[in-house]
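Here's the structure we're looking at; comments come further down.
Chain A is the first sequence line, chain B the second, and so forth, proteins listed ahead of strands; every chain is numbered from 1.
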Number of protein chains: 2
Amino acid sequence: MAIFSKTCEYGIRAVFFIAHTSANGRRIGIKEIAAGIDSPEFFLAKILQDLSRKGIINSIKGPNGGFYISSENLKRPISDIVEAIDGNGLFRGCALGLKQCSEVNPCPLHDEFKAIRTRIYDMLRGINIDQFNQELLSGILSLKK
Amino acid sequence: MAIFSKTCEYGIRAVFFIAHTSANGRRIGIKEIAAGIDSPEFFLAKILQDLSRKGIINSIKGPNGGFYISSENLKRPISDIVEAIDGNGLFRGCALGLKQCSEVNPCPLHDEFKAIRTRIYDMLRGINIDQFNQELLSGILSLKK
DNA sequence: AGAATAAAAGACCAAATTATCTTTATTTAT
DNA sequence: ATAAATAAAGATAATTTGGTCTTTTATTCT
């Protein structure tokens with residue numbers, strides 16, 4: 001198993017791509033995004049519709065329309081995208097799927113994973129979308145396979 | 001998304017349960033294990049068959065048969081169970097699903113996740129099944145929901 | 001107003017995961 | 001030998017995830 005679902009992988013990549021290519025209010029269409037991050041177009045459309053409905057990204061219909069990310073949304077941490085798509089299962093809940101697992105009734109892996117979960121959460125919450133723009137622009141980072 | 005698949009959650013819980021209840025060569029049947037860890041019996045049977053085939057746990061058919069864990073297998077790290085069931089996707093590969101992601105061509109989350117993946121792997125590799133027995137016996141840890 | 005453009009929404013399909021039930025093979029005890 | 005116990009293997013079904021296509025709605029431009 002991977003860390004994120006396919007949906008979430010595509011979602012994060014698309015958000016970075018939109019932020020990267022549509023800086024200063026310019027919009028970008030679904031076809032171009034899908035090609036840019038190498039994902040199935042119609043599937044990605046569903047994902048972006050969902051993120052748009054949830055207010056994580058922005059969109060406008062019609063000619064010259066497309067997806068973009070408002071300046072407020074650019075400040076969102078990556079954890080917002082992950083939580084919107086995959087929920088908080090990566091950060092909370094028991095690694096062994098036990099409902100009663102807690103501090104007083106810990107599963108065998110409870111303490112070990114507590115630290116790791118916190119670290120993942122802090123990391124994803126500590127960086128926002130905008131922070132990657134410079135690095136993407138300077139060509140250090142890559143979004144395509 | 002959770003960290004492990006359902007299959008893996010049940011698998012780990014079952015392995016702990018077998019190790020816990022069948023110390024010194026005693027065997028335990030699938031029904032008892034399923035009840036003990038609160039998992040669907042036939043589904044768990046499949047999982048244990050698989051782990052048995054892969055040599056992670058041991059089993060014997062017939063009267064007084066059942067599952068057990070040899071002393072060598074008790075020394076296995078938890079990572080062996082995870083790798084046998086969920087593969088190494090949690091430890092290796094790109095968090096964003098990019099095939100070309102690497103040190104020289106890193107995805108935006110590459111460095112952040114490198115440390116976390118390593119930590120998860122080291123943790124799961126650093127503790128073996130046997131180590132939990134004492135804690136389970138002393139009642140500190142819990143396997144049932 | 002009408003045509004063109006683009007996302008939103010809805011219907012559908014495929015594959016993987018999770019789950020259940022039945023039959024078979026192996027071992028033990030009588 | 002036979003019966004009983006038990007895991008292994010096989011078949012099938014339900015659910016979730018991943019993916020595709022078509023129709024509708026909103027917007028813009030002429």
Quiz item: Can we say A:Asp50 and A:Lys54 salt-bridge, meaning some charged N sits less than 4.0 Å from an Asp/Glu carboxylate O?
Solution: yes
Quiz prompt | D:dT6 phosphate, OP1 or OP2, under 4.0 Å from B:Ser59 side-chain N/O | solution =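 Checking B:Ser59 against D:dT6: no side-chain N or O falls below 4.0 Å of OP1 or OP2.
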Quiz item: So does A:Tyr10 get a side-chain nitrogen or oxygen closer than 4.0 Å to the phosphate oxygens (OP1/OP2) of D:dG19?
Solution: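 The answer is yes; a side-chain N or O of A:Tyr10 sits under 4.0 Å from OP1 or OP2.
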Practice problem: Spell out, yes or no, whether B:Tyr10 and B:Tyr68 are grouped together once hydrophobic residues are joined by side-chain heavy atoms under 4.5 Å, including indirect joins. | Solution: no
Quiz item: Would A:Met1 and B:Ile56 show up in the same hydrophobic cluster when neighbours are defined by side-chain heavy atoms closer than 4.5 Å?
Solution: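 No, no single cluster joins them.
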Quiz item: Excluding sequence neighbours, so at least two apart, what forms side chain to side chain contact (heavy atoms under 4.5 Å, CB included) with A:Thr118?
Solution: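 Result, side chain to side chain contact (heavy atoms under 4.5 Å, CB included) vs A:Thr118: A:Asp122.
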Practice problem: Just jot down the side chain to side chain contact (heavy atoms under 4.5 Å, CB included) partners of A:Phe42, sequence neighbours excluded, or say none. | Solution: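 Side chain to side chain contact (heavy atoms under 4.5 Å, CB included) check on A:Phe42 returns nothing, list empty.
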Practice problem: For the helix from C:dA1-D:dT30 to C:dT30-D:dA1, figure out the bend between the end axes, five pairs an end, and round to 10 degrees. | Solution: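 The helix from C:dA1-D:dT30 to C:dT30-D:dA1 shows an end-to-end axis angle of 0°.
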May I have the distance from [X] (atom [atom1]) to [N] (atom [atom2]), rounded to whole angstrom?
{"X": "B:Phe43", "N": "D:dA14", "atom1": "CZ", "atom2": "P", "value": "16 Å"}
{"X": "A:Asp38", "N": "D:dG19", "atom1": "CG", "atom2": "C1'", "value": "15 Å"}
{"X": "B:Ile47", "N": "D:dA7", "atom1": "CD1", "atom2": "P", "value": "15 Å"}
{"X": "A:Lys31", "N": "D:dC21", "atom1": "NZ", "atom2": "C1'", "value": "12 Å"}
{"X": "A:Asp50", "N": "D:dT17", "atom1": "CG", "atom2": "P", "value": "13 Å"}
{"X": "A:Leu44", "N": "D:dC21", "atom1": "CG", "atom2": "P", "value": "15 Å"}

Quiz prompt | side chain to side chain contact (heavy atoms under 4.5 Å, CB included) evaluation trace for B:Ile78 with B:Asn128 | solution = CA-CA 6 Å; B:Ile78 311 303; B:Asn128 63 39; 6.0 Å; no
Any protein N or O atoms within reach of nucleotides 9-11 of chain D? Criterion: under 3.5 Å, listing atom names and distances.
{"from": "D:dA9", "atom 1": "OP2", "to": "B:Arg53", "atom 2": "NE", "distance (Å)": "3.1"}
{"from": "D:dA9", "atom 1": "N7", "to": "B:Lys46", "atom 2": "NZ", "distance (Å)": "3.3"}
{"from": "D:dA9", "atom 1": "N7", "to": "B:Gln49", "atom 2": "OE1", "distance (Å)": "3.4"}
{"from": "D:dA9", "atom 1": "N7", "to": "B:Gln49", "atom 2": "NE2", "distance (Å)": "3.4"}
{"from": "D:dG10", "atom 1": "N7", "to": "B:Lys46", "atom 2": "NZ", "distance (Å)": "2.7"}
{"from": "D:dG10", "atom 1": "O6", "to": "B:Lys46", "atom 2": "NZ", "distance (Å)": "2.8"}

Quiz item: Under the side chain to side chain contact (heavy atoms under 4.5 Å, CB included) criterion, do B:Ile18 and B:Ile33 qualify, and how do the steps go?
Solution: CA-CA 7 Å; B:Ile18 297 168; B:Ile33 304 170; 3.7 Å; yes
Quiz item: What does A:Ile28 touch in the nucleic acid at a heavy-atom separation under 4.0 angstrom: a base, only the sugar-phosphate, or nothing?
Solution: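 The answer is sugar-phosphate, as A:Ile28 gets under 4.0 Å only of primed atoms, P, OP1 or OP2.
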Practice problem: With heavy atoms under 4.0 Å as the rule, sort A:Ile30 into base, sugar-phosphate or nothing. | Solution: sugar-phosphate
Quiz item: Hey, mind stepping through B:Lys46 and B:Thr7 against side chain to side chain contact (heavy atoms under 4.5 Å, CB included) and telling me if it holds?
Solution: CA-CA 9 Å; B:Lys46 289 286 171 211; B:Thr7 307; over 6 Å; no
List, with names and distances, any nitrogen or oxygen atoms from the protein found under 3.5 Å away from nitrogen or oxygen atoms belonging to nucleotides 27-30 of chain D.
{"from": "D:dC29", "atom 1": "OP1", "to": "A:Asn64", "atom 2": "ND2", "distance (Å)": "3.4"}

Quiz prompt | Covered region of DNA chain C, 5' end to 3' end, by chain A [heavy atoms, under 4.0 Å] | solution = C:dA4 to C:dA11
Quiz item: What distance separates A:Cys107 SG from A:Lys99 NZ, expressed to the nearest 0.5 Å?
Solution: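 So the gap between those two atoms works out to 13.5 Å.
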Quiz item: Roughly how far, to the nearest 0.5 Å, is OG of A:Ser102 from NE2 of A:His110?
Solution: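 Rounded to the nearest 0.5 Å, the NE2-OG separation comes to 6.5 Å.
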Quiz item: Name the one of A:Ile30, A:Leu51, A:Ile60 that satisfies side chain to side chain contact (heavy atoms under 4.5 Å, CB included) with A:Phe67?
Solution: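 With A:Phe67 as partner, side chain to side chain contact (heavy atoms under 4.5 Å, CB included) holds for just one option, A:Ile30.
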Exercise. Determine the interplanar angle of the A:Tyr121 and A:Phe91 rings, folded into 0 to 90°, and report it as parallel if under 30°, tilted if 30 to 60°, perpendicular if over 60°.
Key: tilted
Self-check item: Whether B:Asp86 side chain and B:Phe4 backbone form a donor-acceptor pair below 3.5 Å
Solution: no
Practice problem: Show your reasoning for whether side chain to side chain contact (heavy atoms under 4.5 Å, CB included) applies to A:Ile69 and A:Arg76. | Solution: CA-CA 10 Å; A:Ile69 300 181; A:Arg76 277 182 186 274; over 6 Å; no
